[in-house]
Colleague: 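Quick one: this structure, given as structure tokens, is what I'll be asking you about.
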There are 2 protein chains.
Amino acid sequence: MATTPRRRIPEAAISRLPVYLRILSELEAEEVARVSSDELAELAGVNAAKVRKDLSYLGSFGTRGVGYEVKFLTYQIQRELGLNQTWNVVIVGAGNLGQALANYGGIIQRGFTVAAVVDNDHSKVGTEVGGVRVRHVEELAQLAQSKDINIGIIATPAQHAQAAADVLVKAGIGSILNFAPTVLSVPRSVHVRKVDMALELQILSYYEQVRRQARGDNPSEQPASA
Amino acid sequence: MATTPRRRIPEAAISRLPVYLRILSELEAEEVARVSSDELAELAGVNAAKVRKDLSYLGSFGTRGVGYEVKFLTYQIQRELGLNQTWNVVIVGAGNLGQALANYGGIIQRGFTVAAVVDNDHSKVGTEVGGVRVRHVEELAQLAQSKDINIGIIATPAQHAQAAADVLVKAGIGSILNFAPTVLSVPRSVHVRKVDMALELQILSYYEQVRRQARGDNPSEQPASA
DNA sequence: TGATGTGAACCCATTCACAGCC
DNA sequence: GGCTGTGAATGGGTTCACATCA
């Protein structure tokens, strides 16, 4: 026990750390050595108090009157997020999306390795996707163990997403990234995050509609072609 | 004025409405006529009070002692989100991602039409992607006007994302869905939503690391192979 | 009776404002 | 002097619990 007392960091703050991290890596590429909370806030599109509060959860890594050392802060955030180690992921579903994800090197980037790709379709098993041979989904539990896989990506059609989640959970995987347009039912201890373009578009639709109504437009069902 | 008094609906509630909508459409496909807040909550993975509160922002559409009429509630949520009309979107960037988005019919679904695809690369202009001819990004403002486009999707490489956003804003587009791993700087009135797999994975990494530490593991940089 | 709709209580997140330190 | 770090104040969102009504 007592590796680190590990203060509880609010979920909202955690979700912003990767944003700061990305900005810091850009700054490092530009050989900027130090950054203030004001600058970082500007670049991250949030306010400075939030940046300072978020960073203060990690510890006191800044220098009063000066700012934060870019490299040091990068290291600390990576450490906090667990990005100083490699995580093995499995992609469930070797269709279009699964293949795209496995091949898109820019997405599965430093720190994440596609250790396995599985599918329930026997005709796909054995083909090569993103540098690994596709295995049958029944082998998942065994693969997860032997390859130390902790994160699963669901890239199946909607109707198979829940079954995919069940298999992942049974294989002992605790974190799931869900690309299927489906609400997954999983034990409370499992973390699920969702990537869903349709949802995002529908939310934007709302704000566009508000804008339209504010302008006084009255789009009675179908906007006229004139 | 006074199209609808339009009460302010909390952002958090808005972001859940598309989830309810999707569940309702599944229920409708299964020919379920009524649903209670308890059932809906279970299917949406939230608690029942939240469902009732969210829905109450739209009006009193349920029946006490009974529940909600699936079709009627669907209609009301669609209406609230502006999904009873068609939105035209432009995709900026005709590379791999842009092409995938334009072609993936399941993503650009009912209510959204890919009215234009633009790119800054002249060699791509004129090719056909997702049923439309790619136009040069300089034509965007003109296209936005003539085709009544309100939503832009950024599918460019990171280094061009801000320029893409600038062009969209200048063209009068008020809502942006950003697939590039970049924080966009836009006027406050513009709504931006982000789809970013790498960010999501990094957040999951954090929770896996917490789990690992809770188990007492001590993965000193590289986990040993034993 | 049973489920909605909603004020009130609670809780988490954001922002303020300034003490503390370089 | 300037910027961090952080208690305190504020605000928004969630949950509770019950009055209300079919």
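Each chain gets a letter, A, B and so on, in the order the sequences are listed, and its residues count up from 1.
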Colleague: With sequence neighbours left out, write down each residue that passes side-chain hydrogen bond (donor to acceptor under 3.5 Å, both in side chains) with A/Asn96, or none if nothing qualifies.
Modeller: none
Colleague: Give a yes or no on whether a salt bridge exists between A/Asp148 and B/Arg212, defined as a side-chain N under 4.0 angstrom from a carboxylate O.
Modeller: yes
Colleague: Can you check the A/Ile9 CD1 to C/dC12 C1' distance for me, whole Å?
Modeller: 15 Å
Colleague: Is it true that a side-chain atom of B/Glu69 and a backbone atom of B/Gly62 form a donor plus acceptor pair closer than 3.5 Å?
Modeller: no
Colleague: Just how far, in rounded Å, is P of D/dG2 from CZ of A/Arg34?
Modeller: 16 Å
Colleague: Using a cut-off of strictly less than 4.0 Å, decide whether A/Arg16 has a side-chain nitrogen or oxygen near OP1 or OP2 of C/dT14.
Modeller: yes
Colleague: For B/Gln159, is the CD atom crowded, meaning more than 12 foreign heavy atoms sit under 6.0 Å from it?
Modeller: yes
Colleague: Check each residue of residues 65-73 of chain A for a non-hydrogen atom within less than 4.0 Å of any atom in DNA chain D, then write out the ones that pass by number, or none.
Modeller: A/Gly65, A/Val66, A/Gly67, A/Tyr68
Colleague: Over how many whole Å does the gap from A/Lys50 atom NZ to D/dT10 atom P extend?
Modeller: 19 Å
Colleague: Rounding to a whole Å, what distance do you find between A/Asn47:CG and C/dA13:C1'?
Modeller: 12 Å
Colleague: Tell me the interatomic distance from B/Arg52, atom CZ, to D/dC18, atom C1', rounded to whole angstroms.
Modeller: 11 Å
Colleague: Any N or O donor-acceptor pair under 3.5 Å from the base of C/dG20 to the side chain of A/Arg64?
Modeller: yes
Colleague: Atom CG of B/Leu55 to atom P of C/dG5: distance rounded to whole Å?
Modeller: 8 Å
Colleague: By nearest nucleotide on DNA chain C, pick out whichever of B/Ser36 and A/Glu11 is the more 5' one.
Modeller: B/Ser36
Colleague: Indicate whether OP1 or OP2 belonging to C/dT4 is found under 4.0 Å from a side-chain N or O atom of B/Ser37.
Modeller: yes
Colleague: Which heavy-atom pair separates A/Glu200 from B/Lys194 by the least distance, and what is that distance?
Modeller: CD-O, 4.5 Å
Colleague: Just checking B/Asp38: base, sugar-phosphate only, or nothing, at a heavy-atom cut-off of under 4.0 Å?
Modeller: nothing
Colleague: For the aromatic rings, using the six-membered ring if either is Trp, is the centroid distance between A/Phe61 and A/Phe72 under 6.0 Å?
Modeller: yes
Colleague: Send over the distance from B/Phe61 CZ to D/dA22 P, rounded to a whole Å.
Modeller: 16 Å
Colleague: So does A/Lys53 get a side-chain nitrogen or oxygen closer than 4.0 Å to the phosphate oxygens (OP1/OP2) of C/dT15?
Modeller: no
Colleague: Would you say the side-chain atoms of A/Trp87 pair up with the backbone N or O of A/Ile149, donor to acceptor, closer than 3.5 Å?
Modeller: no
Colleague: Can you tell me how far C1' of C/dT4 sits from CD of B/Gln76, to the nearest Å?
Modeller: 16 Å
